[in-house]
Structure formats: structure tokens, C-alpha cells
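First the structure, in the form of C-alpha cells, and then the observations on it.
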Amino acid sequence: MKNTERLAVETTGNNMGSYEETYQSFDWSQVEKAFTWSQTGKVNAAYEAIDRHAESGKQDRIALMYSDPNRNETYTFKEMKEKSNQFGNVLRRIGIKKGDRVFIFMPRTPELYFSFLGTIKIGAIVGPLFEAFMEVAVKDRLENSEAVALVTTPALLERVPVDELPHLKHIIIVGTPEETPEGYYNFAEEMQKSSTELEIEWVNREDPMLMHYTSGSTGKPKGVLHVHNAMIQHYQTGKWVLDLQDGDIYWCTADPGWVTGTSYGIFAPWLNGVTNVIRGGRFNPDDWYQTLAKNKVTVWYSAPTSFRMLMAAGDEVVKKYDLSSVRHILSVGEPLNPEVVRWGKQVYGKRIHDTWWMTETGGILIANYPQMEIKPGSMGRPFPGVQAAIIDDEGNELPPYHMGNLAIKTPWPSMMRQIWKNPEKYQEYFRIPGWYISGDSAYKDEDGYFWFEGRLDDVINTSGERVGPFEVESKLVEHPAVAEAGVIGKPDPVRGQIIKAFVALRAGYHASDELKEEIRMFVKTGLAAHAAPREIEFKDKLPKTRSGKIMRRVLKAWELGLPTGDLSTMED
Ligand code: 6R9
């Protein structure tokens with residue numbers, strides 16, 4: 001288990017100094033001085049991210065550098081301030097108040113970012129949704145959050161069951177006036193009518209700001225609530241982990257539907273006043289390298305699944321592009337295979353720095369830092385101000401190389417403050433006093449580096465997306481041919497895991513490849529493309545507990561040819 005491979009430090013211009021010394025001396029209160037609220041006691045994270053720079057000499061610096069196959073646009077900090085102010089005024093005019101939930105369901109375009117910031121500026125809670133979501137997924141989230149307003153596009157509106165959402169009063173359409181149905185607002189028309197000056201809603205640090213839904217192993221997706229105070233962590237991890245420096249051009253490849261696309265696709269870069277590259281459209285190796293080369297990206301934050309796809313695309317394609325601007329590369333979302341780190345070093349001439357955190361943690365907690373040796377395969381060491389440990393189920397800290405619960409001493413600035421309308425779920429994370437239990441298992445080595453082992457629940461991580469097996473199973477059994485379904489993550493060299501479904505058919509239906517494809521499409525169009533099982537296997541009967549729970553660990557053992565373990569709870 002001991003790992004001796006090391007990648008030496010290669011950058012010099014980092015902000016942090018010696019990791020050990022900083023870890024010893026740092027405390028979070030040192031960060032507060034960076035922000036306006038240290039003088040006023042009141043805060044607004046969108047103000048700190050945008051307006052603060054627009055008002056202190058960086059007004060003409062490019063904040064947003066946007067491109068997709070049809071659009072190429074840039075916006076300065078001053079323009080971002082004005083656009084988000086206008087959107088804040090649109091919401092105010094409609095009657096949106098502090099604490100209301102405003103959801104955004106649209107592809108990555110500048111309008112998404114104006115809406116996101118404008119919502120926060122008036123003290124409302126913003127909830128970004130992946131454009132890939134289908135009707136059920138959209139409905140579950142809008143229903144649970146009781147969202148009163150939604151920003152979406154004409155195409156995506158078809159997946160919003162408006163009549164079944166009594167709380168949803170206002171819909172703002174990003175599209176032409178002709179595409180905007182009677183009774184709905186047109187984004188551009190409303191923006192036109194709105195002043196670029198806005199009276200910002202000054203809030204308390206602990207006031208809610210952002211909601212991300214994430215999958216658990218059972219039940220519906222959980223609404224993870226974050227507060228304005230999270231910006232402390234976004235700012236400081238941006239400095240020390242992303243190594244953001246004045247003049248940087250930063251690209252985070254994540255969509256704001258995923259927490260990485262907000263904490264590190266919006267807050268960290270803008271709180272640090274750097275240029276943020278946003279690219280719409282799908283993944284494609286050439287387009288991605290072109291985005292790095294054309295925009296002269298200096299800091300690049302992506303995910304293992306993307307790096308693996310780039311690796312699969314081959315080394316030749318890399319050579320077509322001048323990637324010399326890239327200084328720092330980072331990864332999050334799944335285990336970063338040592339093989340990928342080695343390959344990155346070889347083809348990019350740079351180390352890929354793994355980082356570990358979760359939707360619930362709101363920001364990076366464990367990372368590899370520019371000035372630290374990297375042990376390929378390790379997630380790195382805790383961020384200053386963060387105490388991470390491996391503990392057993394009673395809360396005892398375990399010695400090096402012992403596998404256990406990856407846990408974090410509470411609190412830290414960007415920790416979630418609520419699971420929306422589900423205090424019991426929230427408490428489960430804190431069941432051992434003083435600790436946040438991540439649900440990941442890991443171990444620590446003698447140098448304090450953390451090594452990821454797996455999820456302790458059944459959550460599947462496919463291409464960096466967390467998928468709850470329960471959500472997929474629920475959709476599967478809606479299909480008329482499906483009697484029962486059990487869903488697991490099956491190891492996959494490119495996607496980390498793929499979704500595999502075991503399905504028992506209803507009487508009268510017969511197994512066939514056509515039926516498999518039909519069931520797959522049913523999930524794809526009914527739930528989300530990334531949630532559709534890549535593999536389906538028909539079974540006469542599924543292993544279940546006496547209380548009727550599908551035993552996914554048995555399915556997994558079957559799949560991997562491993563012993564099935566204790567079957568005492570299995571039904572006869
Ligand atoms: C930011 C984000 C969280 C889960 C987490 C863990 C896995 C994230 C990882 C990693 C191994 C890493 N995960 N980073 N596993 N190495 N560097 O990913 O949030 O979507 O909520 O997922 O992802 O299992 O518990 P989220």
C-alpha cells in the first residue's frame with residue numbers, strides 16, 4: 001500500500017508560502033479583511049465578486065470571456081455589474097423578495113451568469129439546474145424548493161410541468177419575444193426596461209444564497225443549502241489551491257448545475273478578480289485544446305473523466321495547439337488515476353493537481369498545492385483551517401494506513417447549512433459529535449496525504465456526475481415492462497463508473513436487445529442522459545432484504561465476481 005512515487009514541485013509564483021507553516025498559522029478570520037463587510041457587518045457575495053472590482057480600478061478588466069459555436073462575447077467587471085444589476089431589478093419588479101427561490105434551467109450562456117448574480121444581489125436564493133435534466137428531475141427540484149421564479153429557454157420550457165408546480169409563479173424566457181408564451185416574461189425585454197443601478201440587498205453572512213440538489217443513495221435528491229459566508233472559502237481556496245494571481249485567465253470546465261461550476265466556475269475566480277473563461281457546447285478534444293490556446297488560459301480546472309477522454313484522444317492532438325500559457329492544472333470529482341497524472345506530466349509538461357470536496361462541503365477541503373510534492377493517486381492534504389481525519393464509526397481517529405470514514409472537524413466557512421426541508425437528513429452527516437461524515441472511505445499516510453477508497457453508500461459517480469441509484473431505479477420501474485430494478489456503478493476505465501441496471505421483467509414481457517434499448521431510452525428521455533444505464537441485464541428475480549430493499553451490494557458482488565458477504569437480511 002505504501003506509495004513512493006513523487007512529482008516534484010514545479011511552479012514558483014504561488015501565493016501560499018510553505019504549506020506546513022501556513023497550515024500551522026492560518027485561521028479563517030484572517031480572510032475577512034479582504035472584504036467590504038469587515039467594515040459594515042453586512043455582505044453580499046455577488047457584490048464582493050463583481051462590484052467590488054468594478055469600483056476599485058478593475059472596471060475594464062474582462063470578467064467573462066464567453067464562447068460557444070455561435071457566440072463570442074466578453075464582458076468587463078463593469079458590464080457584469082450592470083447586467084446583474086439589471087437582472088436584480090427585473091426580479092424586484094416581478095415581486096421577488098429576499099429568501100425566495102429563483103431557479104435557472106438553461107445552457108451555459110452569459111445570461112445564465114447575469115441571472116445567477118442578479119438573483120444573489122437581491123438576497124434571493126439561486127438554484128442552477130443542468131440543462132440535461134428531463135421533466136421528472138426538473139419537477140422534483142422545483143417542487144421541493146418551492147421555487148417561485150424560473151429562468152429558462154423556449155426549448156427547455158417543454159420539460160417544465162408548469163401546471164403541476166403551484167408555487168412557480170414567474171417564468172422568464174431567454175429567447176425571442178415570439179418564442180415567449182403569453183403571460184411569461186421575455187428576458188431581453190425585461191432587461192431593457194431595467195436600470196443598471198441597483199440597490200443591493202445587504203444580508204448577514206449566514207443568510208442563504210445558493211441551492212444545489214445532489215443525489216443520495218435513497219429517496220429523492222437533497223437540496224443542499226449554502227450561505228453567503230461560503231465566499232470566504234471560495235476566495236481563499238481560489239488563491240492557494242487554484243493559485244489565482246492578478247492577470248490570470250482561468251477556465252473551469254464545469255456547468256453551474258454542478259457545485260464545481262458555481263464555487264469554482266463563478267465565485268473563486270471572480271472573488272479573486274481574474275478573467276473567467278466560459279465555454280458552451282459539448283466536450284470535444286480539439287475544441288477544448290483550442291479554448292485553452294485561443295484564450296491563453298493560465299489556470300485550468302477540470303475533472304478526471306475529461307482528462308481520461310483527452311488521454312483517449314491521444315497525444316498527437318495535443319501537439320496541434322500551443323498550450324504554453326497553461327501554468328496550473330487541477331482536477332475534482334472522482335479519483336484521479338495515477339496513470340492520468342503521469343500522462344498529464346508527460347504531454348502537458350505539468351502536474352495535474354487533485355482536489356477533494358463535495359456539494360455539501362461547498363468548497364475544497366483537501367488538495368494538492370503548487371508548492372507541495374504530489375503523490376500520484378492521492379487527493380493531497382487538508383486546506384489550512386480544515387481538520388480532516390479518518391475515523392471509525394465511534395469517532396475514534398485511526399492511525400495511518402487504516403481505512404475508515406473520511407471526516408472533517410466542524411465547521412468551516414462553506415459548509416452547507418441545511419438540507420432543504422429535511423433536518424433529519426442534515427443531522428445524519430453530523431451523527432458523530434464534532435465531525436462531518438463525508439460518506440467516503442479513505443486512509444491517510446504517514447505524511448498526512450489522503451487516499452480515496454470509495455463511497456460508503458451506493459451513490460454512483462459516472463463521468464463526475466453523482467447519480468443516486470434510487471432515482472434511476474424509480475424511473476426504470478415506471479416502464480411498463482419493468483417489474484423491479486437494481487442499479488449499480490460498474491467500474492469503467494474512462495467514465496470511472498458506468499450505470500448498470502439489473503431488471504426483472506413483468507410477466508408477458510420477453511428479454512430482447514430491442515427492449516433493452518427501449519428501456520435505456522426511457523430513462524434517457526425521462527430522467528437525464530447521464531442517468532441512463534449503459535448496461536442492462538435481465539434477471540428473473542432481484543436480491544432483496546426482508547424489508548424489500550434491493551441489495552445493491554449483492555448485485556455489485558455478482559457483477560465483479562466477488563463473495564456476496566452476509567446474506568442474513570436477504571429475503572428467501
Ligand atoms: C465537488 C464534487 C462528491 C463526491 C465525493 C467523492 C467524489 C470528489 C474526489 C472524489 C476521489 C477526488 N470525489 N472529488 N473522489 N477523489 N478528488 O465532486 O461534489 O458532486 O457532490 O461529489 O465525489 O466520492 O464524496 P459532488
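Because the structure is predicted, anything quoted here is derived from the model rather than measured. Computation of the quantities below employed the complete heavy-atom set of this structure, encompassing side-chain atoms and omitting hydrogens, waters and symmetry-equivalent molecules. For ligands, and for the atoms within them, numbers begin at 1 and follow the listed sequence.
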Side-chain donor-acceptor contact under 3.5 Å, [X] with [Y]:
| X | Y | result |
| --- | --- | --- |
| S438 | Y429 | no |
| Y213 | N144 | yes |
| E453 | S441 | no |
| W435 | N405 | no |

query: Do any nitrogen or oxygen atoms of D440 come within less than 3.5 Å of a nitrogen or oxygen of ligand 1?
result: yes
message: So, regarding S438 and ligand 1 (criterion: nitrogen or oxygen to nitrogen or oxygen, under 3.5 Å), is there a contact or not?
response: no
Considering only heavy atoms, does [X] approach ligand 1 within less than 4.0 Å through its side chain, its backbone, both, or neither?
| X | answer |
| --- | --- |
| T355 | backbone |
| R466 | side chain |
| F452 | side chain |

field: Step-by-step side-chain contact (heavy atoms from CB on, under 4.5 Å) determination, Y23 to Y369
entry: CA-CA 12 Å; Y23 191 86; Y369 309 89; over 6 Å; no
Identify every side-chain donor-acceptor pair in residues 131-143 under 3.5 Å, counting partners at least two apart or on other chains, and give the distances.
unit_1 : atom_1 : unit_2 : atom_2 : d
K139   : NZ     : E164   : OE1    : 3.0
D140   : OD1    : K220   : NZ     : 3.0
R141   : NH1    : A137   : O      : 3.0

With a cut-off of 4.0 Å, which atoms of ligand 1 are near a heavy atom of [X]?
| X | answer |
| --- | --- |
| T260 | 1 (C) |
| M358 | 3 (C), 5 (C), 19 (O), 21 (O), 25 (O) |
| N461 | 7 (C), 23 (O) |

- request: Give a yes or no on whether a salt bridge exists between E339 and R308, defined as a side-chain N under 4.0 angstrom from a carboxylate O.
  value: no
field: W240-Y235 aromatic ring centre distance below 6.0 Å
entry: no
message: Looking at non-hydrogen atoms alone, which of E334, H212, E360 comes nearest to atom 15 (N) of ligand 1?
response: E334
field: Candidate with minimal heavy-atom separation from atom 19 (O) of ligand 1, of L456, V332, T214, T359
entry: T359
task: May I ask whether L336 has any heavy atom positioned less than 4.0 angstrom from an atom of ligand 1?
output: no
query: G333: heavy atom below 4.0 Å from ligand 1, yes or no?
result: yes
- line: re atom 20 (O) of ligand 1, the protein heavy-atom contact at minimum distance is W258 NE1, 2.9 Å
- request: Just jot down the side chain to side chain donor-acceptor pair (under 3.5 Å) partners of S115, sequence neighbours excluded, or say none.
  value: none
